[in-house]
A.B. asks: 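Here you go, one structure.
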There are 2 protein chains.
Amino acid sequence: MNDILKADLNALKVLDVLLDECSVSQAAKRLHVTQPSVSYTLQKLRDLFDDPLFVRNPRGLTPTSRAESLRPAIKQLLSDAQQLIAPPVFVPEEAEFTLSVSANDYLQIALIVPLVQRIRALAPKVKVALFDLDSKAAAERVRGGELDLMLSFPQALPADFSSEELFTDPYIAAARQGHPLADQQASAESFLGYDHVIVSPTGFAFEGGLFRDLHHSPLLDKVAVTLPNFAVLPSLLAASDLIAMIPRRLLSVMSGPLSEVKIAATMPSITVAAAWHPRLDHDLAHRWVRNLLRAEALLA
Amino acid sequence: MNDILKADLNALKVLDVLLDECSVSQAAKRLHVTQPSVSYTLQKLRDLFDDPLFVRNPRGLTPTSRAESLRPAIKQLLSDAQQLIAPPVFVPEEAEFTLSVSANDYLQIALIVPLVQRIRALAPKVKVALFDLDSKAAAERVRGGELDLMLSFPQALPADFSSEELFTDPYIAAARQGHPLADQQASAESFLGYDHVIVSPTGFAFEGGLFRDLHHSPLLDKVAVTLPNFAVLPSLLAASDLIAMIPRRLLSVMSGPLSEVKIAATMPSITVAAAWHPRLDHDLAHRWVRNLLRAEALLA
DNA sequence: AAAAGATATAAAAATGAACGATATCTTGAA
DNA sequence: TTCAAGATATCGTTCATTTTTATATCTTTT
């Protein structure tokens, strides 16, 4: 049996040219090799197909009927191969895929929402599936190919993932519009004169990134309320004189009008990164999304 | 630009196995080469596709999205290639082509007619185009691919054609049924007592194969009629007491009932051969026809 | 009769692929 | 913790195959 594993597929490229030229010499010219080289390859082809393929005529070669019958299939095969190795192109307007992203609620609001708007404007057929972030499970789902992207803090990202830092956002203090300290330069005393609310998934355990910087800060003693996420923060602030520490980017995009409380102290900040499986490093669609994400991160 | 002439198509066979195994080591086992060899080919593939194709994981390799997207096309391509190099098969029942044959009228009657019957019985979709023989023009038409086969005498066939002798047929003497000499052993005298008719395309010039052997034969003096072909011979014989010299095979297949006139003299004979362009030597359909022709020639 | 132009062949050179040994990394087990 | 197992990548070296140069052979053409 004539097995493909034994066959030299590269010889088919020579056969293709031979079919065009019907001349070993001319084919050699076109292939930029010498005539004996093509003659040698022709021998291999004759062996492979168990057919002379070409018989001599005064001016070169006449293809056998087998060679003629091979012609269309050879052309098709090489054209397919050319397609195969051609660099892939990504056309946003026509791209059709689902992007699955996991992010905490801060990043959902501050980054993903505007990202989705950009995506929908440029690539209307692309769907986006957004998931809350559960770091441990998320990493596994990235590994399994269920998730394309996870957004979190650099420390929370698996080391074997590809990742990219997006931006660093300083915390600011915020309160309801009309709050006594709103839009003012507040002193430390007046700032600590109000009770505070902080988003802390672990409650008063205060574990996680932000709280490293605030470890023995007097601020923590003034925290009266902790929230698991930013969702209800606007309405809580609106209905009280509580002051919240939030990343700056949330100030403008969070629903409900809030004011900044300016204080002299240098505030901690959080750095945000995107991570994905290295398998997607060169994926054109994925790279396109990452470019959009990077552009969005650079704004404001 | 990534040109197919530069690409090593054989590497695609390795990529195919790699996509199956997701392991350089396993792929190497399946390919019966060493692991570094596959690793080396993988490098070439990475270069060719400008993509890592696989990233490492604890147990081997994880394909990139590009590699995954390549998978179906690779499978298809290799399957096509396998088809391409697979030995061709010829199925008479389904074969669909036109066989163009040129032969003199003797062979048309004695060989081609039964051949057509065989062909029609075995390969109902095959058409046969029959042409009278004009050796010079026929050879050119064979060379040009218009004719698939020419049947003639070995001397009349171009030397650069492939050819095969089919049979040798002795001349016999024939006359109408009821002729005084019919079915008898005739003496030379009684045989020469009748006028004769002979097929001689050149008339009384008596040129050609048969007449070499009869050059100074007294028979030629008794020839009263010459015919350009065998077509009208039966009716001429039926309507006269003429005796004809015809190849034995014509006796049974020629229309109109004829009887043999047996004579003691050793008769000349003609040898018949088929010729075709060497390009068709390995053509399966052509070989099938030649086999039928050979089988038919062996009969009677 | 020789010159031109074609393919095939032979020996030598050069290229490229496969090998064995080894480095490096990760995982899983003692 | 350490060690063994198992994975890919890398490094020279060896070996096989392709390519080249040179030549033979055949046919056509001048």
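In the text below, chain A, chain B and the rest are named by the order of the sequence lines, each starting its count at 1. Atom set for the values below is all heavy atoms of this structure, side chains included, hydrogens, waters and symmetry mates excluded. Note that this is a predicted model, so its numbers are computed, not measured.
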A.B. asks: Does R66(B) pair with D50(B) as a salt bridge, N-O distance under 4.0 Å?
C.D. replies: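 No, no charged N to carboxylate O under 4.0 Å.
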
A.B. asks: Nearest 0.5 Å, please: how far is CG in L42(A) from CG in L61(A)?
C.D. replies: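 The CG atom of L42(A) is 7.0 Å from CG of L61(A), to the nearest 0.5 Å.
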
A.B. asks: Among V272(B), T271(B), L298(B), which residue meets the side-chain contact (heavy atoms from CB on, under 4.5 Å) test with F167(B)?
C.D. replies: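 The side-chain contact (heavy atoms from CB on, under 4.5 Å) with F167(B) is passed solely by V272(B) among V272(B), T271(B), L298(B).
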
A.B. asks: Partners of R141(B) by side chain to side chain donor-acceptor pair (under 3.5 Å), sequence neighbours excluded?
C.D. replies: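 None.
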
A.B. asks: Which distance, rounded to the nearest 0.5 Å, do you find between the CH2 of W288(B) and the CG of L293(B)?
C.D. replies: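 Rounded to the nearest 0.5 Å, the CH2-CG separation comes out at 11.5 Å.
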
A.B. asks: For residues V289(A) and F97(A), report the shortest heavy-atom separation together with the two atoms involved.
C.D. replies: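 The answer is CG2-CZ, 4.3 Å.
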
A.B. asks: To the nearest Å, how far apart are L61(B) CG and dC25(C) P?
C.D. replies: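 Spelled out: CG on L61(B) to P on dC25(C) is 17 Å.
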
A.B. asks: Strictly below 4.0 Å, heavy-atom distances to any atom of DNA chain C: list the hits from residues 29-36 of chain A, or just say none.
C.D. replies: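 Only Q35(A), P36(A) qualify.
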
A.B. asks: Mind checking side chain to side chain donor-acceptor pair (under 3.5 Å) for D281(A) and listing every partner two or more places apart, or none if nothing turns up?
C.D. replies: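 In terms of side chain to side chain donor-acceptor pair (under 3.5 Å), with neighbours along the sequence ignored, D281(A) is linked to S162(A), W276(A).
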
A.B. asks: Do side-chain atoms of D148(B) reach the backbone of S100(B) as a donor and acceptor pair under 3.5 angstrom?
C.D. replies: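 Between the backbone of S100(B) and the side chain of D148(B) there is a qualifying donor-acceptor contact (under 3.5 Å).
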
A.B. asks: Ignoring hydrogens and geometry beyond distance, is a side-chain donor-acceptor pair present between D80(B) and Q76(B) at under 3.5 Å?
C.D. replies: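 Yes - a donor-acceptor pair under 3.5 Å links their side chains.
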
A.B. asks: Using a strict 4.0 Å threshold on nitrogen-to-oxygen distance, state whether D20(A) and K75(A) make a salt bridge.
C.D. replies: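 Between K75(A) and D20(A) there is a salt bridge, with a charged N closer than 4.0 Å to a carboxylate O.
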
A.B. asks: Using the side-chain contact (heavy atoms from CB on, under 4.5 Å) rule, pick out the option among L157(A), V101(A), L133(A), L115(A) that qualifies with L151(A).
C.D. replies: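 Going through the options one by one, the only one that passes is V101(A).
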
A.B. asks: Hey, what do you get for CZ (R46(A)) to CG (L15(A)), rounding to the nearest 0.5 Å?
C.D. replies: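 Answer for the CZ-CG pair, R46(A) versus L15(A), is 11.0 Å.
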
A.B. asks: Within this structure, what is the CZ-CD distance for the pair R30(B) and Q26(B), rounded to the nearest 0.5 Å?
C.D. replies: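 Here the interatomic distance stands at 10.0 Å.
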
A.B. asks: Anything under 3.5 Å between a protein N or O and an N or O of nucleotides 14-17 of chain C, put it in a table, one pair a line.
C.D. replies:
{"from": "dA17(C)", "atom 1": "OP1", "to": "K44(B)", "atom 2": "NZ", "distance (Å)": "2.9"}
{"from": "dA17(C)", "atom 1": "OP2", "to": "Y40(B)", "atom 2": "OH", "distance (Å)": "2.5"}

A.B. asks: Contacts to DNA chain D from residues 10-23 of chain A, heavy-atom cutoff under 4.0 Å, which residues?
C.D. replies: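 Those residues: none at all.
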
A.B. asks: Return the value, rounded to whole Å, for the distance between atom CD of Q43(A) and atom P of dT7(C).
C.D. replies: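 After rounding, the gap between these two atoms is 13 Å.
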
A.B. asks: I'd like the 5' and 3' limits of the part of DNA chain D contacted by chain B, with heavy-atom contacts below 4.0 Å.
C.D. replies: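 Under 4.0 Å from chain B, the extent on DNA chain D is dA7(D) to dT10(D).
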
